[in-house]
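Each chain gets a letter, A, B and so on, in the order its sequence line appears, and its residues count up from 1. These numbers come from the heavy atoms of this one structure, side chains and all, not from hydrogens, waters or symmetry mates. On a predicted model such as this, the values are computed, not experimentally measured, just so you know.
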Amino acid sequence: MNLEDIIQKTKTYYCLECGKCTSICPVARYDSGFSPRMIIEHALLGFEDDLVQNKKLFSCLTCYTCQPECPSDVDFPVFVREARSIAQDNGQYGICAHSGQLQSLARLMTSPAIKQNRLEWLSKEYRVSEDSDVLLWVGCAPYFEPIFEDLEFSALDIIRASLKIMNLLGIEPKLLPNERCCGHDALWTGDVETFKRLAEHNATQIKEAKVKKIVFSCPEGYRTFKLDYPNHVDLGCEVQHLSEFLAEKMGQNGLKFKEIKKKVTYQDPCRLGRHLGVYDAPRKVLESIPGIELIEMKHSGRESICCGTSAFTNCDSYSNLLRAERLSEAAATGADVLITACPKCQTHFRCAMTDKGEEHRPTPKIEIMDLANLVADAIGEE
Amino acid sequence: MAGFEPQIIAFCCNWCTYAAADLAGTSRVQYPANVRIVRVMCSGMVNPIYVLKAFEGGADGVLIAGCHLTDCHYIDGPVKCDAAVDKLRKMLHVLGLEDERLRREMISTSEGVVFARVIKEMVEQLKKSGPSPLKVKMEALA
Amino acid sequence: MTNGENGRKSVLVVGGGIAGMQSSIDLANMGFQVYLVEKAPSIGGRMAQLDKTFPTNDCAMCILAPKMMEANSHPNIDLLTYSEVEKVSGEVGKFEVKIRKKPAFVDWDKCTGCGLCVEGCPVTIPNEFDVGVGTRKAIYIFFAQAVPKKCVIDKREDRPCKAACIDACPVHTNVPGYLKLIAEGEFKAAYKLIRETNPFPAVVGRVCYAPCEKACNRGELDEPLCIRDLKRVPSDQWNIEELEVPVVAKTDKKVAVIGAGPAGLAAANDLALKGHSVTVLEALPEPGGMLRVGIPEYRLPNGILRQEIGYIEKLGVDIKTGVQVGRDITLKKLKEDYDAVFLAVGAHGGMRLGVEGEDIPGVMEGIGFLRAASLGQKVNVGKQVAVIGGGNTAIDCACTAMRLGAKEVTIVYRRSRAEMPASAEEVTAAEKEGIKIEFLTTPIGFSARNKKLAGMECVRMKLGEPDASGRPRPIPIEGSEFTIPVDTVIAALGQVAETDFVEELGVSLSKRGTIETDPKTGATNVEGLFAGGDVVTGPAYVIDAIAAGKKAARSIDQYLNGQALEPEEPAKEPEKFSKEEIEDRKKRFPARDRVKVREEPVKKRVQDFREVALGYSVEEGREEASRCLAGQIEGCIECRECERRCEPDAIVYTMKDETIELDVSAIIVATGLGLYDISPLTEYGYGKIKNVITAMEFERLTAASGPTMGELRRASDGRIPENIAFIQCVGSRDHRHKVYCSSVCCMHATKEAMLAYEHRPGTKSTIFYMDMRAVGKRFQEYILRAKKDYNVTYIRGRPGRIEVNPENENPIIWYEETTSGEVKKFEAELVVLAQAMVPQISEELARTLGVELDEEGFVKTPDKLLRPLDTTRPGIFACGYVHSPRDIPDSVTQASGAAGRAAEAIAGGK
């Protein structure tokens with residue numbers, strides 16, 4: 001796809017250069033060198049080289065704050081995604097966080113011959129079933145375990161919690177022993193080739209697994225399976241985020257929760273919220289736990305602010321300012337815990353909290369927890 | 001697997017292991033030619049991504065070798081290296097990569113013979129194990 | 001072919017805005033008969049809502065009003081306002097049209113547009129004409145300069161109850177009306193509304209026997225409204241002393257009122273409001289009659305009574321106390337000195353027991369005892385007190401004695417509890433205070449020791465056959481005599497009227513000694529002499545006395561004007577719900593219990609004469625008042641206040657739709673513009689952030705006839721903003737909303753910025769624009785003038801977000817200044833949004849007219865170049881905003897064009 005095709009596809013030519021996107025862009029608020037309007041302007045003026053050589057192209061969080069409010073209906077996040085693939089063809093990758101290990105792991109997983117040991121953590125207390133028609137997607141969690149061990153964060157705990165909840169609901173899900181990275185980061189950083197190969201591997205396995213539904217604890221995987229896979233592969237099954245799955249089940253099974261006396265606030269993950277419009281399900285789950293008081297942040301729902309990094313790319317000082325701002329909003333609610341429904345949000349916030357911040361504006365500290373863990377605590381035995 | 005010649009990437013510390021490899025050469029100690037040495041200033045600077053990229057690029061085994069614990073020119077390079085390798089092993093294990101494909105050694109300047117032995121052992125082992133399942137780029141080219 | 005009146009050909013114009021009026025006038029001047037249909041009650045359209053017009057800054061109404069008058073008075077134009085097109089059939093040259101005239105519930109032939117009804121209406125509704133920034137009443141005149149200037153009742157559903165409270169009330173107080181006002185916290189208006197029929201709202205709110213509550217239809221569902229206690233809420237929450245005194249034209253008639261009790265004062269009040277000079281003569285040292293000396297202070301505080309009498313004095317009523325007619329002045333002299341006399345002396349005489357020892361000191365008569373206690377005279381109350389009687393007066397005497405220091409108070413009553421005339425709640429309250437009641441007991445004598453009362457001999461009774469009053473006759477039981485040790489006895493057996501002084505004029509009296517009157521008019525057998533209250537009826541309730549006073553006042557006014565006495569039409573009986581209605585209402589209105597009235601605790605209340613009932617707090621009062629069924633519907637609640645006030649008798653609640661059939665040759669559609677709902681544009685916080693308003697709201701706020709009389713004040717704190725931001729293209733030029741340019745916003749924002757500056761010189765305005773579209777004659781110059789002379793700055797950029805500064809509620813605008821690329825924030829005191837405009841024509845109306853609409857909802861005009869005003873149906877033409885986005889001069893131009901096309905079509909051209 002060349003720049004002209006992208007302009008056609010994302011209706012960029014409608015742009016009136018009103019600057020509404022830039023005025024609400026969370027990145028532009030801190031990084032004066034980043035302007036969605038200017039990126040579009042350069043594209044429309046035909047400055048392809050300027051565009052793809054510009055490292056700022058990788059600063060966009062693809063958080064979808066701008067697109068729904070664009071009066072000209074320009075799909076800026078998709079424009080950025082496609083432009084990044086041209087940039088990759090020109091050898092521009094953005095600045096990869098964690099020295100690119102995560103991107104590398106994704107590429108390694110495209111190799112057909114690998115036989116992963118990704119389920120070694122699965123102990124006997126969890127019940128899974130080969131014949132189940134529900135699949136629980138494990139995702140990057142086993143890899144996050146060593147990479148983010150310094151952040152005192154276990155992504156696998158979220159998976160364990162999800163399993164525990166499902167078991168208590170009487171569901172023994174299936175887990176795939178050799179699932180691959182969903183390819184979300186590859187796709188959004190412009191590595192379409194890697195994305196496609198991962199998608200094909202996954203699609204083959206899922207078809208063989210013959211399941212009716214895949215449940216995700218990670219909104220990125222969910223978004224990728226729900227919106228991006230259908231453009232390339234056929235899955236033949238339904239996909240759902242854990243929060244939606246729970247919101248649906250809670251009405252049916254008469255689940256009993258024990259009381260947890262906590263004030264919480266909730267971070268809408270961009271992929272779950274603005275990308276897929278899931279705002280109510282996680283809130284419904286939270287509100288059904290007795291003792292939980294949900295206090296919304298200044299910006300929430302459609303207006304909520306991104307955790308500051310996407311696809312582990314261009315994580316810089318501006319990202320940290322943005323995160324500190326978001327953590328301040330969370331702290332200002334007076335909540336005891338910041339609940340997220342995305343392991344990536346949690347990674348980025350935990351990372352930001354290792355930074356003391358500036359002397360006059362220290363980064364606030366707040367306990368942070370995944371929705372699945374909170375629910376698992378609440379339905380655990382008394 | 002007949003005729004398989006494994007490819008090994010060795011990250012060698014400038015001050016110890018690289019010199020050891022040199023010594024092995026000048027001492028005419030024989031070792032298989034399956035290794036490509038990458039000289040690094042310290043084993044502590046070997047970022048996991050180097051290793052991952054080596055495997056991505058088609059390496060069948062990777063060796064990280066540097067000074068002994070107390071010999072480091074940068075005080076605690078080997079400790080850092082051990083930590084990185086520890087993380088790497090965990091990651092590679094999940095990926096399903098056999099443990100023997102990543103080898104960590106401390107080889108001092110004077111241990112040319114040790115270097116040669118390590119390479120020989122690795123090559124023999126890898127010949128038994130066969131090619132790495134992680135050959136992304138090569139497969140992409142194919 | 002002819003189809004209009006007098007054989008003239010005719011045209012239908014749909015829409016009475018500036019375009020519709022222009023087409024109508026043009027066609028009328030050509031000699032055609034024009035039917036101008038407008039769905040609102042007045043013609044004028046959107047232009048009437050504007051303050052000024054660009055680019056000349058002329059007052060919109062000054063330009064529009066002459067046009068409205070011309071359309072109204074043109075002999076060839078028939079105005080059909082408050083009407084809608086129902087059906088169009090036929091074809092060019094011979095259309096058959098059905099018009100539905102909506103019911104205004106006001107007979108416009110009678111209505112003079114005086115607005116008296118509007119003042120009295122208790123129902124407040126957001127005003128559509130002021131786009132919700134102001135309010136109007138359920139009966140309203142569309143706007144101040146409306147043409148035709150007639151009232152309309154916004155009646156949306158039938159009242160769910162029968163308003164039986166009004167019928168049950170002797171003075172027909174507008175209960176649903178004032179409850180609605182209380183529910184909305186409009187306490188002063190509520191007080192004024194009650195006072196329309198009752199000069200003692202605060203008093204009656206304490207002591208009425210509340211027949212309304214017994215009639216209340218809600219009582220058939222759960223519990224009746226607590227109407228009595230609600231009646232005192234307005235005066236509890238608001239100071240009566242602040243009530244304005246109306247200016248009344250004086251007559252030269254003088255009226256004397258004898259007795260300053262409720263009947264006398266009610267009459268004095270009404271007569272004073274009619275302009276007559278009223279003098280009230282009162283025998284006691286203070287006015288108020290039984291309200292003052294018969295009802296103890298703990299039930300009715302003196303101060304409250306004094307305030308309400310004080311207002312009657314403010315109306316010009318002269319109250320002379322300490323003047324007893326018959327002793328200080330004769331009735332005959334009064335009759336000579338005054339044009340009319342009203343007798344309302346009440347029934348203040350006590351009754352004697354007629355038993356042995358009644359004259360021993362320590363035996364007192366009840367009404368005299370209460371009077372002395374009320375007036376602060378010395379009364380000797382001992383330790384052991386017996387009160388004889390079973391009425392409210394007996395209870396009042398007992399409770400008063402308790403408060404004056406009695407240790408033990410016993411009420412002695414000859415029948416049983418069931419027969420007690422005192423209200424049950426009063427009896428229970430007295431018992432709570434520790435008062436004992438001896439039923440079936442009658443005193444037969446008193447004994448003294450050392451010349452002081454020592455005992456009361458009583459006999460027990462049993463109940464026999466019913467007597468003349470219908471109650472069982474008490475029969476003494478022989479041998480049951482016993483003595484109660486007492487040192488004080490209060491005999492509260494009833495009151496009688498003292499009417500000796502009227503004999504000199506030969507006023508006819510009943511056997512009981514009360515004055516005989518015509519029950520409908522209050523007139524006695526002596527001309528010019530009227531009577532009412534207890535002196536006519538014997539002891540009765542306060543509200544009955546007030547009703548009698550008002551009735552007499554009406555007759556006296558008629559008498560003074562030389563008219564024949566014409567009694568008021570009798571009220572209808574209070575109605576009850578049918579069984580079906582009860583079932584239906586129970587479904588519609590879930591059960592809600594009465595809000596309990598707070599009371600002073602018993603221990604505290606008996607210590608002194610403090611008021612026992614504490615009334616409702618604001619919240620409780622509003623909560624209780626909101627239980628009223630009538631008040632819970634939208635629009636008119638049919639309280640009939642307007643009907644009561646309307647002098648020409650124009651209110652017609654039963655009005656129905658009316659269909660008008662017309663034959664016309666051509667039709668012009670000029671339905672104008674609507675305002676696009678911008679609530680989905682949440683980024684600008686409209687509706688949430690107080691100081692973010694729309695341009696039309698701005699127009700209404702700056703318009704001299706608007707809800708603020710032209711004061712541009714912001715909603716959060718009423719301050720006049722000096723730093724205003726305008727955001728353009730809100731909903732326009734937006735793919736998610738309206739893709740087209742609304743065409744007038746660049747100019748009206750500039751105009752509004754100028755207006756703000758003219759209202760307060762120095763005001764800084766900042767207009768956030770996409771590109772300035774100044775495409776008319778002298779428009780660009782207008783913008784230059786705004787920059788140069790009116791402190792207006794233009795910033796290119798479309799803001800993305802409005803947040804609020806919590807300290808001062810200033811809106812903070814986030815925007816990218818696209819000329820520099822910087823993201824900035826701008827704090828303004830007020831933000832005005834240029835709301836997108838849409839064609840005002842529903843798909844239904846388009847279907848009725850048989851014209852097609854384009855994808856944006858404008859009337860489709862297939863040949864845009866050569867026949868730009870022709871719709872898809874031959875003979876129907878369009879002009880103004882419904883045709884395409886445009887400003888006023890363009891609309892007027894097009895309107896004349898459409899008139900020309902219509903004339904051409906009638907002439908048979910194509």
More than 12 heavy atoms of other groups within 6.0 Å of [X] [atom1]:
X	atom1	result
A/K196	NZ	no
A/K210	NZ	no
A/F195	CZ	yes

Most chain B-contacting option - heavy-atom pairs closer than 4.5 Å, from A/P142, A/A113, A/S99: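 Max contact count across the listed options: A/S99.
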Most contacts with chain B, counted as non-hydrogen pairs under 4.5 angstrom, among A/G100, A/C96, A/S104: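 Looking at each of A/G100, A/C96, A/S104 in turn, A/S104 comes out on top.
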Atom pair CG/CD1 of A/L105 and B/I49 - distance to nearest 0.5 Å: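 It is 7.5 Å, given to the nearest 0.5 Å.
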Rounded distance [0.5 Å steps], NZ in A/K115 versus CD in B/E98: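 Interatomic distance, A/K115 NZ to B/E98 CD, rounded to 0.5 Å: 9.5 Å.
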Heavy-atom side-chain proximity of B/H93 to A/Q116 below 4.5 angstrom: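 No, side chains not in contact.
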Chain B neighbours within residues 144-158 of chain A, where any heavy atom lies under 4.5 Å away: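 Those residues of residues 144-158 of chain A which have a heavy atom under 4.5 Å from chain B are A/P146, A/I147, A/E149, A/D150.
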Neighbourhood of chain B inside residues 117-127 of chain A, taking heavy atoms under 4.5 Å as contact: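 So the qualifying residues are A/N117, A/R118, A/E120.
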Shortest non-hydrogen contact from B/V94 toward A/Y143: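 Shortest heavy-atom separation between B/V94 and A/Y143 comes out as CG1-CZ, 3.6 Å.
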Which atom of A/I114 lies closest to which atom of B/L95, heavy atoms considered: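 Looking at all heavy atoms of both residues, the closest pair is CB-O, 3.8 Å.
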side-chain contact (heavy atoms from CB on, under 4.5 Å) between A/Q101 and B/M91, worked out: CA-CA 10 Å; A/Q101 294 172 60; B/M91 267 187 257; 3.1 Å; yes
